[in-house]
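Here is the naming used below: chain letters follow the sequence lines, and residue numbers restart at 1 for every chain. Fair warning: this is a prediction, and the values are worked out from it, not measured in the lab.
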Amino acid sequence: MQAMEWDTHFRKGETRSALQESVWWHLRYSTGKPWAERSPRSLYLALAYAVRDRLMDRLLETEAHYEALDAKRLYYLSIEFLIGRSLSNNLHNLGLYETLHEALKEMGVDLEEVKEQENDAALGNGGLGRLAACFLDSLATLDMPGFGYGIHYEYGLFRQGIDDGYQKEKLDHWLAEAMPLQMERPDQSCLIPLYGRVAHERDLQGNYNPMWLDWKVVVGVPYDIPIVGYGGRTVNYLRLYAARSSSELDIQIFNEGDYVRAVEQKIAVENISKILYPSDTVQTGRELRLVQEYFLVACALRDIIRRYRKSHKDFDAFPDKVAIQLNDTHPALTVAELMRMLVDEYAVDWDRAWDITQRVCGYTNHTLLPEALEKWPVSLLERVLPRHLQIVYEINHRFLEEISVLWPGDTDRLRRMSLIEEEPEKQVRMAHLAIVGSHSINGVSALHTELLKKTVVRDFHERWPGRFNNKTNGITQRRWLLTANPSLAELLGRTVGMDWVTQLTTLRGLESMAGDPDFQRDFLDVKHRNKERLADMVMDTTRVRLDPGTLFDIHAKRIHEYKRQLLKVMHIIHEYLTLVEDGRTPPTPRSFLFAGKAAPGYWAAKQIIKLIHSVADVVNRDRRVKDWLRVVFIPDYRVSLAERIIPAADVNEQISMAGTEASGTGNMKFVLNGSLIVGTLDGANIEILEAVGRENAYIFGLTADEITTLRREDRYHPREVYQGHDGVRRVMDALLENRFSPSDPGLFRWIVNALLDGGDHYMHLADFPSYIEIQDRVARDFADTSGWACKAILNVARVGWFSSDRTIEAYAGEVWKIQGTSSRKEVAAF
Amino acid sequence: MQMDVTEMGGGLVVLPLESRMDATNSPDFKERILEWVRGGRKRIVLDLSRVTFIDSSGLSAILSCLKAIGQEGDLVICCVADGLMSLFQLTRMTRIFRFYPNVKEAVAAIEGL
């Protein structure tokens, strides 16, 4: 074989022999190991390089194709991208999984073992970041020119350890592990200014010329992670920026001999992309976070404009070629930065720049919680981004003038809508900036969008009703079924074909099989195997043995009071006390599984983790209940763990207080894997319920409207619930009596105080009676194996609408106005 | 700062020879230009063809020189690479300086002053 030919063969070939040679070559020449000294880790690296080789041509061809079409591009700006592992997903999407599996088997290598070597890229906290990652997968699968822009954090979300039931955070240095995935693009670095002052000067014509001077400059260096769509036709990328110093060190200080001080500046700059902030930490006032947000926005916009200007002289066509989606308010400074760039750097006049900005930007709201709506002190903004503050003031001035014309004399409305909050401290309201500067504002589930319009930003909806729309979140089935649950994927393929991989609604074909005893048996076999797999993993990590024959009841998500892990624990305590005190035998044995991280500074959430462990300790040690109850907390919840947990769930808990969860996407992932929802009428639960049928889910609790009314009329009194409901009283008393903290009396008294006397902000007690009632029904129904299987199958069959492909098609058609570019050649394997 | 200075068209063509203008060399640059200005040399062409990076102290130094010249002369800039121009645009200095693609046109611009 000629050298060139061989090179093509081992870098691009998709046969077993080509893949084998590729792995062998990379093991030797990329990791420096002879075959005899291979380890799972070095084999993972070799494999990752081999896969990357096969992405490169497609990446370049995709870009050339977009350029040739001068296609409109979508830039998805997000402070988080929770990618997780990439190898398996890439292999599936490239259509190489089975071939590689066989190829490695012939070499005596187990792909499953090698896959486990990959660390998660945990560049996100939870739903918002994972949504962004699912969207990228859908964009590439739909052959759409859509790209993610984020920060190349050196440390991802912390790793969670557990010590004596308490969460202990450990650093997550993912970078060393992720090297094969990414490509540094130093040639496309950009300079980002920060700090300084605005000098009020005059230009050559004598006009006012505000000049941003005395800034410090940071270099943004892009790293690209290829995103391959299913079928391998399109390879887009996620571009993450790392902050670097503009000079390696301060030469003057260095020359004076102060080596430490000489590198200080460099270290300070590089801190910008050092860590991902955990959610729920108070970010307002944190300068580094503001700098991170601006760094992301500024790098992205420079890149977007650079690319646009390669083929366009002026900005006339900018809104026809560029769409920018702001994933929550973190990138809201896009509005001010794009205005600044257009007006200051490209001399576009203000009105035209504003028109361009609004036509380009879209904003997705992700939260109704007032404390999560970002605000930045004016004093901080003035110091970090003085020119931007000027621009924000100008936008606000013009905006409020417009409002005062429409609602003359309504000063209260002006105060509510202003981009600047005047009291107690002057702050810039980032959600208002994003709304005013965008042509589209969307919520992420039907209920959330309605609440957004009615409550949080009602005034803005009154001003621009046409700008508001709903885009219910979705999940990619390539990750959450094809990759995460290969046994179920195979069964579905045998039953209804594989079209569901790109058209999830074709799973409807399963409906007719829901009552089929043979299919039910196969379906339950798959579930049982997944439960066995999870039970093994739980045994390895926690030393708790779970029986896969029990009902696996799973609450897996970020730990937050509004998500009500506490309600789940209250139910477990209730079950336990019913068994040991009332002697009641439940209809079915249960295993309760929790997983999730608490923000390091969120005391109550961390105490709830301790509570779960304390309850688990008591329950799991009590021989009286050993055949009926098991409780386990699986540490370090992350994407790869979710891929293991979700396929094993019989029921999943989506029990946030109604009106607090924007959408949730865990609910969709669980349902797709044949797990039934126990949930409130909150977020996307409502739409899932409509899709799968109320009889195939377990819904309880107050509605958002009922809660609003109770609060408004001051009719919720937790102590009355305590007095009036035996179950509530017994659970609260058990906590008060230190039943789960015998060696640490008073440890959980705060919970009782918060619930009984602190207002029970998240209505645990109000919903508890209906929750235990619905849980009794769950237990009874689970005992009917065939009936349960039927419900679970119908859940899978009817969840197709919740594919992120559907969400992306809706955004693309209604907001971004981008199209799939289908003319790229089909890849032979598909 | 190392600079090459040539007399052309009745003015000075100043060519900084270092690739960076930053806090380490801008004060020196500024002082030397101001010295010429004080000596009556108020028509200056700044040739930035060798410079690849200017930080804000470098830009401020250039701005100070322009202000020192006042109405009786001019400081024009030429041969600015694209990457560098973005820094002038960033500060809106493009609106108070005249920029030329080459030395010849820049010299012609100050000749008639």
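Within residues 307-322 of chain A, no residue has any heavy atom under 4.5 Å from a heavy atom of chain B. The contact list for residues 53-63 of chain B toward chain A, using heavy atoms and a distance under 4.5 Å, reads Phe53(B), Ile54(B), Asp55(B), Ser56(B), Leu59(B), Ser60(B), Leu63(B) by residue number. Among the residues in residues 93-104 of chain B, those with a non-hydrogen atom closer than 4.5 angstrom to a non-hydrogen atom of chain A are Met93(B), Arg95(B), Ile96(B), Phe97(B), Arg98(B).
A salt bridge is absent between Glu394(A) and Arg340(A): the closest approach of a Lys/Arg side-chain nitrogen to an acidic carboxylate oxygen does not fall below 4.0 angstrom. Classification of Arg306(A) and Asp303(A) as a salt-bridged pair holds, one side-chain N sitting under 4.0 Å from a carboxylate O.
Between His152(A) and Tyr223(A), the ring-plane angle classifies as parallel under the 30° and 60° cut-offs.
Applying the side-chain hydrogen bond (donor to acceptor under 3.5 Å, both in side chains) test to pairs two or more places apart or on separate chains, those with a residue in residues 9-18 of chain B are Glu18(B)-Asn25(B).
When all heavy atoms of Trp215(A) and Leu87(B) are compared, the closest pair comes out as CH2-CD2, 3.9 Å. Nearest approach of Tyr346(A) to Ile305(A), heavy atoms of both residues: OH-CG2, 3.6 Å. The two residues Tyr149(A) and Tyr241(A) make their nearest non-hydrogen contact at CD2-CE1, 3.8 Å. Considering every non-hydrogen atom in both Met3(B) and Pro16(B), the closest pair reads CG-CA, 3.9 Å.
Around NZ of Lys216(A), the count of heavy atoms belonging to other residues, nucleotides or ligands within 6.0 Å does not exceed 12. Within 6.0 Å of CG on Asp82(B) lie no more than 12 heavy atoms contributed by other residues, nucleotides or ligands. A 6.0 Å sphere centred on CD of Glu67(A) holds more than 12 heavy atoms belonging to other residues, nucleotides or ligands.
At a 4.5 Å heavy-atom cutoff, the contact between Ala347(A) and chain B is made by backbone and side-chain atoms alike. Interface residue Arg302(A): only side-chain heavy atoms are found under 4.5 Å from chain B. At a 4.5 Å heavy-atom cutoff, the contact between Glu201(A) and chain B is made by side-chain atoms alone.
Top candidate by heavy-atom pairs under 4.5 Å with chain B, chosen from Val198(A), Leu213(A), Asn209(A), is Asn209(A). For the set Leu204(A), Val217(A), Val343(A), the count of heavy-atom pairs under 4.5 angstrom toward chain B peaks at Leu204(A).
For Arg43(B) (side chain) and Ile110(B) (main-chain N/O), a donor-acceptor pair under 3.5 Å exists by modelled atom type. The backbone N or O of Leu15(B) lies less than 3.5 Å from no partner atom in the side chain of Asp4(B), so there is not a single donor-acceptor pair.
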Notebook entry, point to check: Passes side-chain contact (heavy atoms from CB on, under 4.5 Å), Val360(A) versus Thr334(A)? Steps please.
Noted result: CA-CA 10 Å; Val360(A) 161; Thr334(A) 298; over 6 Å; no
Notebook entry, point to check: Going through the distances and angles, do Lys274(A) and Glu270(A) end up as a salt bridge (charged side-chain N to carboxylate O under 4.0 Å, His left out)?
Noted result: CA-CA 7 Å; Lys274(A) 190 71 83 183; Glu270(A) 294 180 356; 5.5 Å; no
